[in-house]
Amino acid sequence: MDKIRFYPIDTTYKIINNKPVIYLFGKTSEDKQICVLYEDFLPYFYLIPETGQDLKSRLESFEVKNEGETIKIFKVENVKKRYYGEDVNALKIFTKLPSHVPILREEIKTIEGIKSINENDILFVRRFMIDHNIIPMSFYDVEGELINSNLKVPSFKASSIVLSETDKVPKPKILAIDIETYTPSHKEIVPEKNPIIMLAFHGDGIKKVFVWKHFKTDLDYVEFVDSEATIIEKFKETIAQYKPDIITGYYSDGFDMPYIKARADKYKIKLDLGLDGSELRIKKAINVTAQITGIVHLDVFKFIRKIMAGTLTTDKYNLDSVAHEILNEKKHDVNLDDLSKIWDTDVEQLGEFCKYNLHDATLAYKLAEKLMPTIIEMVKITNLPIYDVNRVGYSQLVEWYLLKQSPAFNQIAPNKPHGKELIRRRSIRIKGAFVFEPKPGLYKDITVFDYRSLYPTIIGSHNISPGTLNCSCCEGTAKKVPLEFQNRWFCEKRKGFIPTLIEDLITRRMRIKEIIKDHEGEQHRILEARSNALKLLANSFYGYLGFYAARWYSLDCAESTTAYGRYYIKQVISKAEKEKFEVIYSDTDSVFLTLDGKKKEDALMFAEHINRELPGLMELEFDGFYPSGIFVSAKMGEGGAKKRYALASETGEIKIKGFESVRRNTSTISKETQEKVFEIILNEHDNKKAFEYVKGVINDLRNKKIPLDKVIISTQLKKPIEEYDAKGPHVAVAQRLKNRGENIGPGSSIQFVVTPGSDIIRNRARLPDEIKEGEYDQDYYINHQVVPAVERIFNVFGYKKEELIESKDQTKLEGFFK
DNA sequence: GGCTCCCGGGG
DNA sequence: GTGTACGGGAGCC
């Protein structure tokens, strides 16, 4: 009997000798790849009979004929469980193979006296990992022996697998890839037709670009090969030699991997990268995915889009914007439209593109490295392997955390909804948060308070859970859900499943926050990531309860959560007004007050009074102090627009909320003008100056002093020109390009400028190179680009948009500070 | 408003 | 793989 220590990274199972065998690919504590095999685990699911029904003996002899084979139930056990807050006598039904489960389930369903069949869709390996407490990226002591196998890594057959260390953080080996392909400008990306021209790798100690045309260069990382097929061979070879635990790329699920696969297919090259010799698998569903057995394929883009999006300020998720925000690095500035031409006619210029190629791989690598701690924390909380954490959304993260915890509560998990129920749930909209409509205006001395994790703390403090809803033990005695739900209460005697778990997440995070100050460097980053992961997950519970496809879906719970939310925020508002603060705005969990002559300390005292009366983990926190801020008016009516304001901090930093400042269909001049206006108004308090500034811009437009590149509007063609019913300006321009014989199709980026005339817009759209400097329709840019961007801001001061447009000076100054 | 369709990223 | 798929914005009545 041997002993090893290892951490699992990627998991699967195979049927060997008619038995399912679990494969845990991972790394030993000596950092060697290994696969731990385990075979003493059987698939099972639960059956809950109607009360009084005894189905055990009937099920024990149950069998189904399937494709000539007789499938039997392997074993049935009586178990006492909890289901939706009730004790139930259930049957645990074991089968021989995972594939037998759906077959048996379908037949068993027809038996009379069944209340429900549960947990029949939890995948075999995941079931094993939950039951055996196998947490990916955590270290285990394994007893067993090395055996022969045809895997590319040693195989260790385990007799026992025991968690040894949870805090030691593994350092998986990451390899980033990026390809450049032959794509003539204005043409679609077509893997079936166009070759890969270069391939870059970035890993620990490896920087390489393979390219299959020769040119003179000093770049030492460039390696010339003779054909595209050799590039694909190099792809395999590099991976085999480097032995990464993780292969990463930016949008590699949707682009690089499928492209490489398509080209490999063309040359009949087998991409047998899997540690079991299996091929790279490309799955084309709604979302394309690329998977390799034993090696995690991490698509950085997917994780950022699905999990990190809310914590980033960018609203574009291309590599350039994301790298800029997360790494403070930009992509190399080359014009990709030129690459194919240069490839055909001017190879000596390819060096720049090799640099670009490697840099993209480097950025993907750095992003993967940076996000790894957060990903690993998500993995540890949910038990899902990295591959899955990378691809699921928040609802699935919450659900797997609940599924992982449910055995500890002796619970049977509810089923996912199907068919009509799904449609019904989908159509329901619940009443959301309370928003206090702001009076448009400029304000000073704004103090902002918000409830720390409002919904999570409400769920915890008020014991909101499907199993505690309207319990019989508290009927008539428990406090009712505020206001409109007086027929609803939650148990006050027994803590529910979801409140227990959510409070666990919150308190774990609070503990981390306490100790984080005493750590620095690597350790600090890990704690930061852990805290962030816990917060993201806790914040997702409310959404999960109201998510139509959730197992623990509960409309009553979701509605009660927002009802309590409205109750608590309104309470702060009315108490603040009683204390003579002016409440200017409130949204969901935050309140904006002006001091109205009082001191900052008075506001802090006020919050402290509120906190004395809050239950459980609920807390109203001081969020910030802003010397000035502006709330703009709504398009319709008199009131202020919700969720649209800008604040200036004590250091003069400007926070803009809710204004669509970066939009694809806007020109640079419109965006620039809006930003400048906020700056002048909030920091210099000079609305006249801001007004004059805009008038200046408008004048410059009139006098054609604004350069052409600031009025260019850029849009991408998304489908063949003929397929557009609504022909916008960019479609019209594309059509003309095509008529001229240029290659225009989906993916072409169309840039245009609106030129003067009386015809409809699309007939006046021109390519920038078709026209001369200044040849744009000043009125269009004034009325449809610049004025709409700032109109609402000036409404606050009583300016009308007509005054902006008027060429004669005419200003009003009243209503500066409200 | 509500409903449907399209798109994201990538070269 | 013991499976299923998202979510937001624009355009259209």
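So that the names make sense, note that chain A is the first sequence line, chain B the second, and so on, each numbered from 1. Bear in mind the structure is a predicted one, so any value in this text is a computation, not a measurement.
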Next item on the list: For Asp388(A), report the nucleic acid contact type (base, sugar-phosphate, nothing); a contact means any heavy atom under 4.0 Å.
Entry: nothing
Next item on the list: For Ile282(A) and dG10(B), give me the distance from atom CD1 to atom C1', rounded to whole Å.
Entry: 14 Å
Notebook entry, point to check: Contact class for Asp121(A) (heavy atom, under 4.0 Å): base, sugar-phosphate, or nothing?
Noted result: base
Please tabulate the protein-to-nucleotide N/O contacts below 3.5 Å involving nucleotides 4-8 of chain C, giving atom names and distances.
from	atom 1	to	atom 2	distance (Å)
dC6(C)	OP1	Tyr548(A)	OH	2.7

Next item on the list: Quick one: label Tyr13(A) by what it contacts on the DNA or RNA (base, sugar-phosphate, nothing), any heavy atom closer than 4.0 Å.
Entry: sugar-phosphate
Check: Mind checking what makes side-chain hydrogen bond (donor to acceptor under 3.5 Å, both in side chains) contact with Tyr44(A), not counting sequence neighbours?
Finding: Arg127(A), Asp131(A)
Check: Whole Å only: how far is the CG atom of Asp320(A) from the C1' atom of dG10(B)?
Finding: 14 Å
Margin query: Contact between Trp552(A) and Leu402(A) at the side-chain level, heavy atoms closer than 4.5 Å - yes or no?
Written below: yes
Next item on the list: Please check if the distance between the ring centroids of Tyr387(A) and His297(A) is under 6.0 Å.
Entry: no
Note to self: Under 4.0 Å, counting only non-hydrogen atoms across every strand here, what does Ile103(A) touch: a base, just sugar-phosphate, or nothing?
What the structure shows: nothing
Check: When all nucleic acid strands are considered with a 4.0 Å heavy-atom cut-off, which category describes Asn357(A): base, sugar-phosphate, or nothing?
Finding: nothing
Note to self: Expressed as a whole number of angstroms, how long is the span from Leu339(A):CG to dG10(B):C1'?
What the structure shows: 13 Å
Next item on the list: Output yes when at least one side-chain N/O atom of Lys331(A) is less than 4.0 Å from OP1 or OP2 of dG11(B), else no.
Entry: yes
Item checked: Qualifying residues under side-chain hydrogen bond (donor to acceptor under 3.5 Å, both in side chains), relative to Asp360(A), sequence neighbours excluded -> Lys331(A)
Checklist line | Under-3.5 Å donor-acceptor pair between Asp337(A) side chain and dG11(B) base | finding: yes
Checklist line | C1' spacing across the pair dA5(C) / dG11(B), given as an integer number of angstrom | finding: 27 Å
Margin query: Looking at the base of dG9(B), is there any donor atom on it, or on the side chain of Tyr251(A), that sits under 3.5 Å from an acceptor on the other one?
Written below: yes
Check: Tell me: CZ of Phe303(A) to P of dG9(B), nearest whole Å?
Finding: 17 Å
Check: With a 4.0 Å cut-off on heavy atoms, is Phe124(A) in touch with a base, just the backbone sugar-phosphate, or nothing at all?
Finding: base
Margin query: How many whole angstroms separate atom CG of Leu319(A) from atom C1' of dG9(B)?
Written below: 10 Å
Notebook entry, point to check: Once you round it to whole Å, what is the distance between C1' of dG10(B) and NZ of Lys302(A)?
Noted result: 12 Å
Under 3.5 Å, side-chain donor or acceptor atoms of residues 91-104 of chain A against the rest of the protein: list the pairs with distances, not counting sequence neighbours.
from	atom 1	to	atom 2	distance (Å)
Thr95(A)	OG1	Leu97(A)	O	2.9

Next item on the list: Please state whether the rings of Phe353(A) and Tyr356(A) are parallel, tilted or perpendicular, taking 30° and 60° as the class boundaries.
Entry: perpendicular
Check: Nearest-Å distance, CE (Met198(A)) to P (dG11(B))?
Finding: 12 Å
Next item on the list: Return the set of residues passing side-chain hydrogen bond (donor to acceptor under 3.5 Å, both in side chains) with Lys306(A) (not counting sequence neighbours), or none when no residue passes.
Entry: none
Check: Which whole-number value in Å describes the distance from Ile196(A) CD1 to dG10(B) P?
Finding: 17 Å
Margin query: Using a 4.0 Å heavy-atom cut-off, does Tyr250(A) contact any base of the nucleic acid, only the sugar-phosphate backbone, or nothing at all?
Written below: sugar-phosphate
Item checked: Pairing residues for Ser540(A) by the side-chain hydrogen bond (donor to acceptor under 3.5 Å, both in side chains) criterion, not counting sequence neighbours -> none
Margin query: Base, sugar-phosphate or nothing for Lys193(A)? Non-hydrogen atoms, less than 4.0 Å.
Written below: nothing
